[in-house]
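What follows is a set of notes on a single structure, which appears directly below.
The sequence lines fix the lettering, A, B, ..., with proteins before strands; numbering per chain opens at 1. It should be emphasised that the depicted structure is a prediction, and the values quoted were computed from it without experimental measurement.
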Amino acid sequence: MIMAATSTPSSDLQTTSGVDREIEQGLDVEILRESAKKALINALNSVVGAKTLVLDPTLAGPLGLVTEVALLKHHGVDKMFWLEPGPLTSTTTNVVYLCRPLIKYVKIIADQIKGHTKGSLKHTYTLFLVPRTSTLVSRILEEEGVLGDVSISSYNLQFIPTAEDVISLEYDGAFKELWVDGDETIIYDSALALDVLQKIYGQYPRIVGKGDYASKLATLLTKPLPNQPVPVVSPTPSSAPIDSLIILDRRVDMITPLLTQLTYEGLIDEVIGIKNSHVELPMSLLNPPPAPNQGPSQASTSTAATSIIGEKTKKYHLSAVTDPLFADLRDLNFSSVGKRLSQTAHRLDEEYKARQQAKTVAQLRDFVGKLGGLQSEHQALRLHTGLSEILLPHTRTDLFNKSLEIQQNLLASYEASAQVTAIEEMVAQGADMQTIVRLICLASITMGGIKTRALDSVRREFLQAYGYHLLPLLLSLSSPPLSILLPNPLPPSTSSTVTTSKLPFSTVRKSLRLLIDDNPEALEEVENDISFVYSGYAPISVRLVQCAAQKNGVISNPVVDKATNSGGTSSADHGDVVGEGTSMDAKKLYAHPIVGWKGFEDVLGTLPGKTFDIPRSVNATTGTNPGTTLVPSPIRPHEQTSTTVVFFLGGCTYTEIAALRWVNRQHRGRKFLIATTGIISGSSLIKSIAGDGKVGQDSLRDSR
Amino acid sequence: MKVYSLSVVYAPPSSPSVILTSASDLSSFSFYQRGSVGEFLTFFSKTVAERTAQGQRQSVQENSYVAHAYNRGGAEQLAAIIVTDQEYPVRPAFSLLTKILDDFTTKVPQSSYSNPGSINFPDVQTYLTKYQDPRQADAIMRVQQELDETKIVLHKTIESVLQRGEKLDNLVERSNALSAQSKMFYKTAKKQNSCCVIM
């Protein structure tokens with residue numbers, strides 16, 4: 001359940017594609033983890049004596065990233081239970097509840113307390129609401145007559161670092177709450193969390209963004225927010241100050257999460273499922289293998305796949321800190337993973353063979369010293385080779401490839417209506433529900449709605465194949481505010497909000513250069529655009545970030561242009577951004593300062609949702625004249641690295657993270673800090689929209 | 001490698017030398033040869049002793065025999081000679097000569113030098129036998145040998161540790177297979193008039 005968290009401070013050295021980055025120190029996000037841990041300890045210590053902890057199941061994952069069970073036991077937690085309906089038997093007097101402020105949880109708590117009172121069991125109850133208290137909760141407890149028995153407090157769990165450049169609220173319900181339920185609480189919670197970031201690292205000099213809810217969030221941030229406890233641990237002051245905050249609504253780019261992710265980490269999420277950075281893996285991959293002469297090990301791919309299914313699994317924490325090989329692999333397109341694994345295997349082989357050259361005892365001692373590192377690399381190689389062998393067969397199934405073909409055809413607007421027919425055929429071929437829903441939503445968005453007759457036909461097939469209990473799901477998808485599954489033409493009764501929220505896909509495709517026209521073979525060797533994450537399609541969300549933070553990467557291709565003097569190709573030239581055929585490795589372009597959406601206002605205007613660009617006045621803490629309301633000068637002292645925080649309201653995918661890391665590598669002087677309400681995938685989105693009912697399967701693997 | 005003979009010789013500078021005690025190992029020679037070999041060894045030893053100045057060490061080769069000599073001189077005017085084959089390592093040979101001289105002077109009184117027959121010094125035979133395997137007998141060589149053995153054990157241990165992990169060859173093979181099978185996920189012609197599907 002709760003696993004050990006790493007707490008080593010991280011320096012920012014990423015070696016990917018064999019190109020070494022300069023060592024640029026990013027923001028230290030570990031203090032966020034430390035702060036969350038301390039806050040939890042303080043909360044636990046506020047209840048004196050042994051306690052029973054009753055935990056909301058959705059919090060187990062995030063807490064596991066912050067601390068481990070041992071720490072809880074160290075602070076008096078005797079036993080732990082899930083917060084579930086039914087009576088609670090507690091051996092200790094103190095009962096501590098830790099949960100999100102949901103009605104169903106509060107009702108369970110009230111029932112449990114009343115059950116105890118009836119049995120004349122004396123307990124003291126403490127309730128910690130995550131992240132903050134709510135009057136609704138007190139009201140319900142009052143109605144149930146137990147308010148006087150419970151002391152209510154809050155545990156302010158906000159951003160948790162899941163990688164050295166990713167911080168997440170680990171809140172899975174964000175998308176659904178915003179765009180299905182219309183519940184804007186998460187916007188306020190996000191504002192509070194982003195505010196804490198400001199207090200630690202410095203005020204956001206500029207807030208840029210796209211999307212209606214994003215705009216609300218930005219407005220909240222410009223107003224004074226209630227004081228929150230700032231972390232006890234203070235960061236090193238001068239490392240990479242924040243130069244701006246970019247906020248993106250998930251709704252602005254619905255296409256990206258619907259597509260099948262093709263990076264290594266993305267594909268693991270698609271096929272197996274990653275939850276709070278943990279993945280369930282067969283034990284045989286994780287434990288040391290038996291002695292070599294005990295039967296043939298998984299030598300062939302097919303026997304590997306069949307022998308692993310049905311094997312017991314164990315949770316494994318995917319982390320680049322403990323597993324440097326994973327850091328290399330995670331953002332690669334899966335087609336390059338085999339090659340990288342093979343390179344690593346050969347290199348390891350060379351290193352091992354070096355021991356035979358060792359003649360003196362001193363040389364042997366050196367080798368033994370390296371042996372530990374080589375062994376752990378060896379184990380990592382074994383794990384990822386085995387994991388890739390699990391993924392590869394999935395990528396070769398007919399359904400997987402058919403789905404990819406439909407996706408790419410839809411993105412290219414190639415034979416659109418034939419694709420809808422193809423999707424229906426996939427239903428007949430037994431594709432799983434998630435895949436079909438993602439495909440028809442993708443069709444609807446890229447085509448500007450599905451022909452009414454075709455849509456009806458698909459809907460019918462779908463419900464008949466997967467069950468009528470999915471009708472609410474289809475309705476949520478088709479109705480405001482989500483409105484991504486639409487007929488074409490729209491019925492006359494449609495509200496104008498729906499019409500204005502439609503994405504003019506073919507226009508945007510051209511203006512943001514979403515499809516790469518280059519010769520695909522050229523792409524095999526060089527990742528020369530963010531589109532490598534989807535083998536030829538660039539995520540709209542990341543293109544938008546490029547519009548603000550890497551303007552020369554949007555229209556033209558800086559890598560391809562490097563050989564030719566490309567001064568005039570980019571229509572978004574600004575100041576020091578002229579592409580000058582600089583060599584990729586030695587002299588990377590220095591990142592241009594954030595000046596909002598300048599140069600791309602038209603494009604941004606075509607996308608639905610508010611566009612905003614809010615420069616902030618510099619306040620006293622940054623040392624300049626507090627009286628002026630001048631926009632801070634965009635000229636930075638040279639050689640100083642700055643951080644651009646990119647916040648995804650509604651979640652982001654592993655591929656978007658990989659793409660942003662690619663953008664990071666194109667220039668010096670800027671580091672992205674990716675913040676999100678949670679990490680999502682197409683399936684997790686659909687699942688959360690479908691709601692709590694028994695809908696569909698969790699992942700492709702379960703459906704086999 | 002073999003030691004053929006070991007002798008302690010009384011070697012005053014200008015007079016002929018006298019073998020005070022010696023031992024030999026002629027087991028490698030056929031029965032009929034042993035007599036003449038034995039005589040040769042005596043002659044060889046005496047001659048080399050006479051030709052070695054006091055305080056000097058030298059080695060003399062005669063066909064396949066090598067005589068190492070150490071004339072310690074001193075009050076006793078003793079020298080020690082060891083005759084070995086060519087393979088025998090030089091350093092242990094000389095350290096044996098020093099050792100045997102020390103032992104001899106401690107155990108045998110100078111008065112008996114005039115009467116070699118009366119000298120009872122069984123150590124000379126013991127040393128000869130022991131030093132047939134110089135690695136066991138000689139301290140430094142023993143350390144060296146133990147070092148070599150340790151290295152072998154180290155190598156074996158490292159091998160066994162490496163064996164415990166999944167065979168790297170297996171991983172090399174599998175990762176090669178993975179890299180060969182990987183496709184680029186291009187499913188469709190994006191250009192309007194292109195008909196190639198890249199697989």
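Highest contact tally toward chain B, considering only A:T344, A:D349, A:T385, is held by A:T385 [criterion: heavy-atom pairs under 4.5 Å].
If you check the side chains of B:D25 and B:T129, you find no donor sitting under 3.5 Å from an acceptor. At a cut-off of 3.5 Å, with distance as the only test, a side-chain donor of A:Y264 or A:H384 sits close to an acceptor on the other residue. In this structure, a donor-acceptor pair under 3.5 Å is absent between the side chains of A:R513 and A:S531.
Proximity to chain B (any heavy atom under 4.5 Å) is shown, for A:Y534, by neither the backbone nor the side chain. Residue contact with chain B, scored on non-hydrogen atoms closer than 4.5 Å, involves the side chain of A:L371 exclusively.
Using cut-offs of 30° and 60° for the angle between ring planes, the B:Y127 and B:Y131 rings count as perpendicular.
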